[in-house]
Amino acid sequence: MLRRVKQGCRVSISNYHQKRTLVNVKLKWVKDSVLDSVVAGGRQLKAGTALVSIIASQSNSGLPIYHLQSKHGQLGLPHDLKVSTFLRRYPNIFQEFFCLDSAGTPVPWFKLTPEALEFHHEQVNVLRQCSTDIVNRLRKLLMMTNERMLPLQTIDQLKWDLGLPHDCASSLIIKYPNLFNLMDLTDGRLGLKLLAWDRKLAVSHLEANSTKENGALMFPIGFTRGFGLKRKCMKWLEEWQKMPYTSPYVDASNLDPRTDVSEKRIVGVFHELLHLTLQKKTERSNVSNLRKPLELPQKFTKVFERHPGIFYISMKGDTQTIVLREAYDRNQLIEKHPLVHIREKFASMMKQGFLDRSRGLYRDTNQGPEEGSLTSSFLDETCGTRFLSDIG
């Protein structure tokens, strides 16, 4: 239990580290339908955007379904949902046509519609304009780690949230040899090392945008409507807010993980991490590999349950998504990155295509060569394969 400090006593930070033990407080989870709506559809949007990038970067003629199906694990789609089924839901974005294989069997291929190509070019332009900002987000993430390095696999899990392009290793990171270095890790994986430390970036969002109250930095707090906070919990929260704040960019190896001060540091780490994301949210599974690099104790994600006024855990989409409450005014992101505007535009495209298909507007499209009465063929110059596509 907490060893209380008598009023009037001055306690140093080091004393807090030794005496302020972690209080066993449990706060209930309360559903927030407004923030749930922020999470809804996120996986479909991520998968759709990734498929646009994959098709656009590989070939102007399109890609066969077996090639796209091999990317299933990277898309975040449910295991029982085929990539072809997903693509056919949005015929205004992905146009299906057929190619005869060596045995004469028609194989489904997919290419981008003119509308989707226009979106892709717009997204590439915005990425180019925001490249410095996106790179700085990646630099800050690496600066938070103890060795200024993360496996590429871990970065891949966060690249959508950070705004990194789908092929960030080859299209973005390689352009900054003075900042990043790709290296082989002892476990056989590839890692990304930060080469240059920038003290101007080593300032957290809370430090840059908050003023100290009685010498302490306090997190913005807000609860779901109808959340009943008991007086005991409220008192604990008030005392916890007054604990010393430890920047996520400083060495915290001297902190006792069994203290409230250490917990406030963990909250600060994820508060900063979520601020680095474009939409101030990420799936809980995305941070599971960050325990050792960020010097976090076992069961570190328990802070999400213990601080529902800072983080909201959404259960939408068969997963858990952590949302930073302060970043939203109801279901609207308060500060929108230019890439977020692009994503919202693409989400509208996906919604419109899905509705139009449901209404039967695309009923006669995506037919096989044996089904369509009006077809045209063209010869691919690189592989000599005959393609068949609808022109009706």
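All heavy atoms count here, side chains included; hydrogens, waters and symmetry mates do not.
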I want to check something: taking the side chain as every heavy atom from C-beta on, are Leu75 and Phe86 in contact at a cut-off of under 4.5 Å?
no
Residues at least two apart in sequence or cross-chain that pass salt bridge (charged side-chain N to carboxylate O under 4.0 Å, His left out) with Arg343, listed by chain then number, are none
Report yes or no: do Val126 and Val124 belong to one cluster of Ile/Leu/Val/Met/Phe/Trp/Tyr joined by side chain heavy-atom distances under 4.5 Å?
no
dist Lys316:NZ -> Asp36:CG (nearest 0.5 Å) comes out at 6.0 Å
Residues passing the side chain to side chain contact (heavy atoms under 4.5 Å, CB included) test with Pro293, sequence neighbours excluded, are Thr145, Leu150
Start with the C-alpha gap between Glu96 and Leu87, add the side-chain angles, then the distance that decides, and say whether side chain to side chain contact (heavy atoms under 4.5 Å, CB included) holds. CA-CA 9 Å; Glu96 183 177 6; Leu87 291 166; over 6 Å; no
Side chain to side chain contact (heavy atoms under 4.5 Å, CB included) filter on Gln153, not counting sequence neighbours, yields Arg189
Does Val30 reach the side chain of Phe223, with side-chain heavy atoms less than 4.5 Å apart?
no
Show which side-chain atoms of residues 45-53 pair as donor or acceptor with protein atoms under 3.5 Å away, not counting sequence neighbours.
| from | atom 1 | to | atom 2 | distance (Å) |
| --- | --- | --- | --- | --- |
| Thr49 | OG1 | Leu45 | O | 2.8 |
| Ser53 | OG | Thr49 | O | 3.2 |

side-chain contact (heavy atoms from CB on, under 4.5 Å) with Leu158: of Leu164, Leu276, Thr282, Asn289, only one passes, and it is Thr282
Practice prompt. Would you kindly confirm whether Leu195 and Leu172 end up in one hydrophobic cluster when ILVMFWY residues are joined by side chain heavy atoms under 4.5 Å apart?
Written response: no
So CE of Met143 and CG of Leu201: to nearest 0.5 Å the spacing works out to 5.5 Å
Worksheet item: Just wondering, more than 12 heavy atoms not from Asp251 lying within 6.0 Å of its CG?
Response: yes
The side chain to side chain contact (heavy atoms under 4.5 Å, CB included) partners of Ser285 (sequence neighbours excluded) come to Glu283
In short, side-chain hydrogen bond (donor to acceptor under 3.5 Å, both in side chains) pairs touching residues 69-86 with sequence neighbours left out are none
With a 4.5 Å limit on heavy-atom distance, are the side chains of Met349 and Tyr90 in contact? no
Practice prompt. For atom NZ of Lys302, decide whether the heavy atoms of other residues, nucleotides or ligands shown that lie under 6.0 angstrom number more than 12.
Written response: no
Distance-only, no hydrogens or angles: does the Thr113 side chain make a donor-acceptor pair with backbone N or O of Asn92 under 3.5 Å?
-> yes
When rounded to the nearest 0.5 Å, the distance separating CD of Glu272 from CG of Leu324 is 10.5 Å
For Lys281, the salt bridge (charged side-chain N to carboxylate O under 4.0 Å, His left out) test, sequence neighbours excluded, returns none
Query raised in the report: Trp236 vs His307 aromatic rings, parallel, tilted or perpendicular, using cut-offs 30° and 60°?
Result: tilted
Assess whether side chain to side chain contact (heavy atoms under 4.5 Å, CB included) is satisfied between Leu192 and Leu138, documenting all intermediate values.
-> CA-CA 10 Å; Leu192 183 66; Leu138 179 58; 3.8 Å; yes
Interatomic distance, OH@Tyr312 vs CD@Gln320, rounded to 0.5 Å, equals 10.5 Å
- Phe354 atom CZ, over 12 foreign heavy atoms within 6.0 Å: no
Side chain of Arg357, backbone of Pro91: donor and acceptor closer than 3.5 Å? no
What donor-acceptor contacts under 3.5 angstrom involve side-chain atoms of residues 333-340, with partners at least two apart or in another chain?
| from | atom 1 | to | atom 2 | distance (Å) |
| --- | --- | --- | --- | --- |
| Lys336 | NZ | Gln332 | OE1 | 3.4 |
| Lys336 | NZ | Glu344 | OE1 | 3.3 |
| Lys336 | NZ | Glu344 | OE2 | 2.8 |
| His337 | ND1 | Leu339 | N | 3.1 |
| His337 | NE2 | Asp133 | OD2 | 2.8 |

Requested in this report: Would you please test Asp198 and Asn136 for side chain to side chain contact (heavy atoms under 4.5 Å, CB included) and show each step?
Outcome: CA-CA 10 Å; Asp198 190 340; Asn136 284 342; 6.0 Å; no
Arg291 meets the salt bridge (charged side-chain N to carboxylate O under 4.0 Å, His left out) criterion, sequence neighbours left out, with none
task: May I ask you to test the Leu142-Phe180 pair for a side-chain heavy-atom distance under 4.5 Å?
output: yes
With distance as the sole test, does Ser210 use its side chain to make a donor-acceptor pair with the main-chain N or O of Leu206 at under 3.5 Å?
yes
Residues at least two apart in sequence or cross-chain that pass side chain to side chain contact (heavy atoms under 4.5 Å, CB included) with Lys345, listed by chain then number, are Glu122
Quick one, Leu278 and Asp161 - any side-chain contact, counting heavy atoms below 4.5 Å?
no
_So does Val203 get a backbone contact from the side chain of Lys140, meaning a donor-acceptor N/O pair under 3.5 Å?_
yes
Discussion item. Less than 4.5 Å apart, side chain to side chain, heavy atoms only: is that true for Asn286 and Trp160?
Written reply: no
Sorted by chain and number, sequence neighbours left out, salt bridge (charged side-chain N to carboxylate O under 4.0 Å, His left out) with Glu326 holds for none
ring-ring contact (aromatic ring centres under 6.0 Å, His included) evaluation trace for Phe304 with Phe270: CA-CA 9 Å; Phe304 301 137; Phe270 288 110; 5.1 Å; yes
d(Asn181 CG, Ile173 CD1) to nearest 0.5 Å is 11.0 Å
Discussion item. If we ignore hydrogens and angles and just use 3.5 Å, is the side chain of Lys264 paired with the main-chain N or O of Gln241 as donor and acceptor?
Written reply: yes
Does the pair Phe94 and Phe110 meet the rule for a ring-ring contact (aromatic ring centres under 6.0 Å, His included), with working shown? CA-CA 6 Å; Phe94 306 105; Phe110 290 88; 7.3 Å; no
Notebook entry, point to check: More than 12 heavy atoms of other residues, nucleotides or ligands under 6.0 Å from CD of Glu147: is that the case?
Noted result: no
What's the verdict on side-chain hydrogen bond (donor to acceptor under 3.5 Å, both in side chains) for Ser262 and Asp256, showing C-alpha distance, side-chain angles and the deciding distance?
-> CA-CA 6 Å; Ser262 176; Asp256 187 339; over 6 Å; no
When rounded to the nearest 0.5 Å, the distance separating CZ of Arg306 from SG of Cys233 is 9.5 Å
Apart from Leu355 itself, its cluster of hydrophobic side chains linked below 4.5 Å comprises none
Item to complete: Identify whether Tyr328 and Val34 are in the same connected component of the hydrophobic contact network (ILVMFWY, side-chain heavy atoms under 4.5 Å).
Response: no
Is Leu162 close to Ile134 at the side-chain level, that is, under 4.5 Å between some pair of heavy atoms? no
| request: For residues Leu35 and Thr224, determine if any side-chain heavy atom of one lies less than 4.5 Å from a side-chain heavy atom of the other. | output: no
| said: Looking at Arg325 and Pro308, would you say the former's side chain and the latter's main chain have a donor-acceptor pair under 3.5 Å? | reply: yes
Phe119 and Glu115: CA distance, side-chain angles, deciding distance, side chain to side chain contact (heavy atoms under 4.5 Å, CB included) verdict: CA-CA 6 Å; Phe119 158 77; Glu115 185 181 7; over 6 Å; no
